[in-house]
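Both backbone and side-chain heavy atoms feed into the values below; hydrogens, waters and symmetry mates do not. Source: prediction; values computed, not measured. In what follows, every chain begins at residue 1, and chains take the letters A, B, ... in the order their sequences are listed.
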Amino acid sequence: MRVSKLFGKTLRQTPSEAENISHQLLLKAGMIHQVAAGAYSYLPLGWRALKKVENIVRQEMDDIGGQELHMPVLQPLELWQQTERDQAFGKSLFILSDRRDRKLVLAPTHEEVTTELVRRNVQSYRDLPLLLYQIQTKFRDEPRPRGGLMRVREFTMKDMYSFDTDEDAMNVSYGKIVGAYERIYQRCGLPALIVDADSGAIGGKESHEFMVIAESGEDQILYCSNCDYAANLEKADSIKAENEKEEMLSLEEIATPGIITIKDLAKFLNIPESKTLKAVFYSADGEVVFVVIRGDIEVNEVKLKNVLKCHELRLATEEEVRGAGLVAGSASPMGLTDIRRVADPSITLGANFVAGANKPDTHVKNVNYPRDFAVDIMTDIATANAGEGCPRCGGKLLFTRGIEVGHVFKLGTFFSERLGATFLDPGGVGRSIFMGSYGIGIGRLLAAAIEQNHDEKGIIWPVSIAPYQVHLCPISTDDSEVASAADRLYLQLQEEGLEVLFDDRTESPGVKLNDADLLGMPVRVILSPRTLKSQSAEVKRRSEKEAMIIPLEGSVERLKAILSR
RNA sequence: CGGGGUGUGGCGCAGUGGUUAGCGCGCAUGGUUUGGGACCAUGAGGUCGCCGGUUCAAAUCCGGCCACCCCGACCA
């Protein structure tokens with residue numbers, strides 16, 4: 001490709017709207033263009049890189065026996081109502097009406113349609129296992145698109161679905177795909193960490209995310225300094241420190257004028273926050289729920305949402321709290337019967353807690369569970385923190401941020417049961433198909449690759465996903481010798497199957513070299529009167545500081561060798 | 001949705017009531033240049049986000065709306 005003909009210009013100043021490095025560089029390099037919040041055009045260079053990522057993903061999916069197909073983005077809303085995922089996705093679901101006023105959705109993912117398709121085509125255990133996938137556009141009306149390609153409302157996703165006869169077989173498929181994912185990230189030049197994750201709106205019981213460790217990442221990760229435990233913060237468990245052992249004492253009311261928060265309470269009584277019980281009220285799909293947890297620990301709302309099996313969870317309003325007969329600031333789990341009560345096991349890690357009295361300006365000392373109150377659900381709903389104990393080995397948990405570049409789910413029979421996707425086993429018995437769902441955001445992966453591979457001058461593409469492999473950059477192009485040598489080399493490289501970006505512009509050296517650094521092709525080749533004197537070219541890897549001079553004779557082979565290194 | 005911010009040629013910005021709205025970069029034409037964002041000359045390009053109001057006069061003041069960005073609650 002000749003730069004003089006290339007659509008898309010590099011910018012000298014970074015557009016002010018970009019905060020993220022990948023966003024800045026993609027804009028500055030003329031690889032993407034924003035159309036609306038979370039909707040981008042890919043210009044030719046950006047599109048080539050995206051296609052490279054896509055092809056790597058495609059190869060790895062094919063290699064494990066995946067079959068590529070294509071399903072529609074446009075889908076009837078009814079299909080989503082059958083699985084109640086119209087509720088689960090809520091406002092993130094793009095819904096539109098057709099001319100007959102039928103409701104259609106722009107699909108954010110394809111479990112329903114795939115399951116429906118498989119239901120029609122699979123009857124026997126002999127048809128399983130099955131791996132189907134597509135690489136296709138998804139729509140999600142994100143509350144807040146951000147970071148350029150990091151989080152957009154229209155994006156290309158590779159989504160694969162596995163179909164198996166039972167749980168063990170599902171786990172085998174799952175493992176295969178996890179292996180393929182690891183190879184994909186490796187090939188894209190991205191070290192990715194696999195972490196335990198919440199299933200969110202996709203559903204299912206077990207799920208893992210692939211994270212690229214990056215300061216700019218949206219996700220928070222806890223990982224063990226000792227073993228290989230790693231989890232998204234919203235899923236992470238931890239071992240909390242236990243309070244000192246002590247004998248249970250009898251209840252005692254105390255006056256606490258004006259004390260509302262745990263912090264103030266602890267200060268007022270001169271005790272650690274871990275000696276208090278915190279009451280928090282939530283509205284779960286409209287129902288007020290009482291939550292109690294040790295005072296020093298935060299509620300993990302994702303865990304709570306899963307426990308309550310609700311679609312919408314938020315803190316209850318003051319009116320809702322009052323309406324439930326509770327006194328905010330001094331609420332108590334004691335004596336409550338007509339609201340659902342959820343407790344975290346941390347309330348048993350100690351004794352003689354201070355809790356609310358459900359009377360204004362009053363608390364109660366020496367509260368002990370289960371002596372003094374009962375709960376409906378006792379389960380882990382605690383937020384884990386760095387420094388706490390690893391749930392697997394007890395080691396110390398550490399914190400980092402990451403970019404989620406893939407997510408895999410064990411769905412079990414959630415979709416197949418609701419949509420009637422069954423098969424006959426060898427004994428002629430009808431059974432629900434065990435499914436898995438596996439997604440990679442292609443554009444996000446591209447952005448993550450740039451976040452990981454750049455310097456102050458620009459992008460440093462890994463060879464595998466670079467738009468072009470070689471950036472041919474003649475200097476002094478009005479020198480006819482240089483111009484013709486460059487033309488010859490350009491043709492020769494292409495004939496040898498190399499992908500070449502040829503800067504044939506009559507720009508000054510500074511402009512061309514800076515553009516080459518910004519665009520970031522893996523190898524830069526310079527021809528100039530100087531190099532031609534010795535019938536040579538200067539070759540420099542974008543990732544390295546030093547250039548080398550190689551003879552023009554045999555340069556193609558040298559370049560190939562450098563690229564495959 | 002809560003909080004913060006920004007809208008002025010392609011990009012970065014200036015312009016707090018008073019001529020035909022400026023500057024840098026980029027772009028076009030001609031010329032001189034060519035190993036790290038060259039120089040000279042000439043030129044094109046703007047309903048100042050939109051609607052309404054105040055005023056003799058609005059990019060500038062007032063009201064409403066919209067868009068975009070950032071921080072949080074959601075996700076590949």
Q.
Tell me which nucleotide, if any, is Watson-Crick or G-U wobble paired with B:U32 when both distances must be under 3.5 Å.
A. B:A38

Q. Touch check for A:P15, heavy atoms < 4.0 angstrom, all strands: base, sugar-phosphate only, or nothing?
A. sugar-phosphate

Q) Does A:Q220 or A:E19 map to a spot on RNA chain B nearer the 5' end, using the closest nucleotide for each? A) A:E19

Q) Using a distance-only test with no angle check, is there a side-chain donor-acceptor pair under 3.5 angstrom linking A:Y438 and A:H407? A) no

**Q.** Per-nucleotide protein contact string for nucleotides 30-39 of chain B (B base, S sugar-phosphate only, - none; heavy atom under 4.0 Å)
**A.** ----BBBBS-

Q) Counting only N and O atoms by type, is there a donor-acceptor contact under 3.5 Å from the side chain of A:Q452 to the main-chain atoms of A:I213? A) yes

Q: Please give the nucleotide sitting opposite B:U6 as a Watson-Crick or G-U wobble pair, both distances under 3.5 Å, or none.
A: B:A67

Q.
Please name the nucleotide paired to B:C61 by Watson-Crick or G-U wobble geometry with both distances under 3.5 Å, or report none.
A. B:G53

Q) So what does A:A36 touch, heavy atoms closer than 4.0 Å: a base, only the sugar-phosphate, or nothing? A) sugar-phosphate

Q) Nearest-Å distance, CG (A:N20) to C1' (B:C71)? A) 14 Å

Q. Pick the nucleotide of RNA chain B nearest each of A:G147 and A:M157; which residue has the one closer to the 5' end?
A. A:G147

Q) In whole Å, what is the span from the CD atom of A:E142 to the P atom of B:C69? A) 13 Å

Q | Expected output: side-chain A:Y490 to main-chain A:M1 donor-acceptor under 3.5 Å | A | yes

Q: For the residue pair A:Q535 and A:E553, establish whether any side-chain heavy-atom pair is separated by less than 4.5 Å.
A: no

Q: Figure out the NE2/P separation between A:H33 and B:G10, and round it to whole Å.
A: 10 Å

**Q.** Aromatic ring proximity, centroids under 6.0 angstrom, A:Y185 and A:F210
**A.** yes

Q: Go through A:M435 and A:T115 one step at a time and tell me if the side chain to side chain contact (heavy atoms under 4.5 Å, CB included) criterion holds.
A: CA-CA 9 Å; A:M435 293 174 53; A:T115 309; 3.2 Å; yes

Q. Which residues pass the salt bridge (Lys or Arg N to Asp or Glu O under 4.0 Å) test with A:E218, sequence neighbours left out?
A. A:R146, A:R151

Q. Looking for any heavy atom pair under 4.0 Å, which part of the strands does A:R144 touch: base, sugar-phosphate only, or nothing?
A. base

Q.
Considering every strand and a 4.0 Å limit on heavy-atom distances, what is the contact class for A:E404: base, sugar-phosphate, or nothing?
A. base

Q) Starting at CG of A:L50 and ending at C1' of B:A76, how long is that distance when rounded to a whole Å? A) 13 Å

Q. Between atom CG in A:L27 and atom C1' in B:C69, what is the gap in whole Å?
A. 12 Å

(Q) Quick check: any donor-acceptor pair below 3.5 Å linking the side-chain of A:R444 to the base of B:C75? (A) yes

Q) Between B:A76 and A:R151, is there an OP1 or OP2 to side-chain N/O distance shorter than 4.0 Å? A) no

Q: Verify, without hydrogens or angle tests, whether A:D504 (side chain) and A:S4 (backbone) share a donor-acceptor contact under 3.5 angstrom.
A: yes

Q. With a 3.5 Å cut-off and no angle check, do the side chains of A:Q24 and A:T14 form a donor-acceptor pair?
A. no

**Q.** For B:G45, the Watson-Crick or wobble partner whose two distances fall under 3.5 Å
**A.** none

Q: Considering just the side-chain nitrogens and oxygens of A:S16, establish if one lies under 4.0 Å of OP1 or OP2 belonging to B:C13.
A: yes

(Q) Categorize A:V152 for me: base, sugar-phosphate, or nothing, with a 4.0 angstrom heavy-atom threshold over every strand shown. (A) base

Q | Atom-to-atom span, OH of A:Y40 to P of B:A76 - whole angstrom | A | 19 Å

Q: For B:A44 versus B:G36, give the span between their P atoms, rounded off to a whole number of Å.
A: 34 Å

Q. Do any side-chain nitrogens or oxygens of A:Q34 fall under 4.0 Å of OP1 or OP2 in B:C69?
A. yes

Q: Please work out if A:G148 contacts a base, only the sugar-phosphate, or nothing of the nucleic acid, heavy-atom cut-off 4.0 Å.
A: nothing

Q.
Tell me the interatomic distance from A:E451, atom CD, to B:A76, atom P, rounded to whole angstroms.
A. 19 Å

Q) From the list B:A76, B:C68, B:C74, which nucleotide is the closest neighbour of the side chain of A:R146? A) B:C74

Q.
How many whole angstroms separate atom CZ of A:F89 from atom P of B:C75?
A. 8 Å

Q) So what does A:T14 touch, heavy atoms closer than 4.0 Å: a base, only the sugar-phosphate, or nothing? A) sugar-phosphate

